[in-house]
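Structure record follows, encoded as structure tokens.
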Amino acid sequence: MKLDVSESIERPPADVFRFVATDHVENHPRWDPELSLVQETPGPIGVGTKIRRSRAGETPVEGEMEIIEFDPDRTIGAVVRDGPMELRSWMTVEPEGEAASRLTITVESDDAPLDMMEEPIKGSLRRIKEMVEGEA
């Protein structure tokens with residue numbers, strides 16, 4: 001199964017990419033407060049970076065994330081393993097007009113309930129938009 005969700009953000013692609021990709025470990029818990037991330041590999045995020053994930057909630061879940069694609073100012077891709085579930089996820093930033101961007105989150109999985117993930121991902125995109133547009 002595959003899921004694509006996108007949002008227009010009134011900021012240049014470099015600003016959006018920095019927020020969602022370059023500073024992913026610091027910012028992801030801001031738009032998804034139930035998630036805690038710890039980068040396990042040293043240095044800036046790039047292909048091969050490993051991140052430990054912990055999700056709070058009714059059923060806490062421990063997992064890991066490995067960056068499999070990193071195209072600066074364009075795309076970050078990862079394999080996410082949370083408990084028994086594995087999915088592949090991409091965040092792609094495209095220019096949209098003079099100083100705006102389209103952020104698309106794509107998720108693929110053979111075993112994850114993607115139909116249940118659409119609304120939470122849309123909520124994350126709305127929060128990302130508010131945060132990025134609210135930055136000076």
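Hydrogens, waters and symmetry mates play no part in the numbers below; they use all other heavy atoms, side chains included.
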Working to the nearest 0.5 angstrom, can you tell me the gap between [X] [atom1] and [Y] [atom2]?
| X | Y | atom1 | atom2 | result |
| --- | --- | --- | --- | --- |
| Lys122 | Ser6 | NZ | OG | 10.0 Å |
| Ile9 | Glu133 | CD1 | CD | 6.5 Å |
| Met1 | Leu114 | CE | CG | 5.0 Å |
| Met65 | Ile76 | CE | CD1 | 5.5 Å |
| Thr104 | Ile121 | OG1 | CD1 | 12.0 Å |
| Arg18 | Asn27 | CZ | CG | 7.0 Å |

Report task. Check step by step if salt bridge (charged side-chain N to carboxylate O under 4.0 Å, His left out) holds for Arg74 and Glu94. Result -> CA-CA 7 Å; Arg74 174 87 175 125; Glu94 299 172 290; 3.6 Å; yes
Would [X] and [Y] show up in the same hydrophobic cluster when neighbours are defined by side-chain heavy atoms closer than 4.5 Å?
| X | Y | result |
| --- | --- | --- |
| Val79 | Val61 | no |
| Ile128 | Ile45 | yes |
| Ile68 | Val80 | no |
| Leu103 | Trp90 | no |
| Val25 | Met91 | yes |

**Report entry** Between Ser101 and Glu96: side-chain donor-acceptor atoms closer than 3.5 Å
**Finding:** no
**Report entry** Pair Thr106, Asp4: side-chain N/O donor-acceptor within cut-off below 3.5 Å
**Finding:** yes
Are the side chain of [X] and the backbone N or O of [Y] linked by a donor-acceptor pair below 3.5 Å?
| X | Y | value |
| --- | --- | --- |
| Glu26 | Arg30 | no |
| Thr49 | Ile67 | no |
| Thr75 | Thr92 | no |
| Arg11 | Glu135 | yes |

Report task. Start with the C-alpha distance between Glu40 and Arg52, add both sets of side-chain angles, then the distance that settles salt bridge (charged side-chain N to carboxylate O under 4.0 Å, His left out), and finish with yes or no. Result -> CA-CA 7 Å; Glu40 295 183 320; Arg52 189 168 14 106; 3.1 Å; yes
Query raised in the report: Is the closest side-chain heavy-atom distance between Arg102 and Val93 below 4.5 Å?
Result: no
Query raised in the report: With a 4.5 Å limit on heavy-atom distance, are the side chains of Ile105 and Leu125 in contact?
Result: yes
Query - ring-ring contact (aromatic ring centres under 6.0 Å, His included) pairs, two or more places apart, involving residues 30-80 - result: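 For residues 30-80, and leaving out neighbouring residues, the ring-ring contact (aromatic ring centres under 6.0 Å, His included) pairs sorted by first residue read Phe17-Phe70, Phe19-Trp31, His24-Trp31, His28-Trp31.
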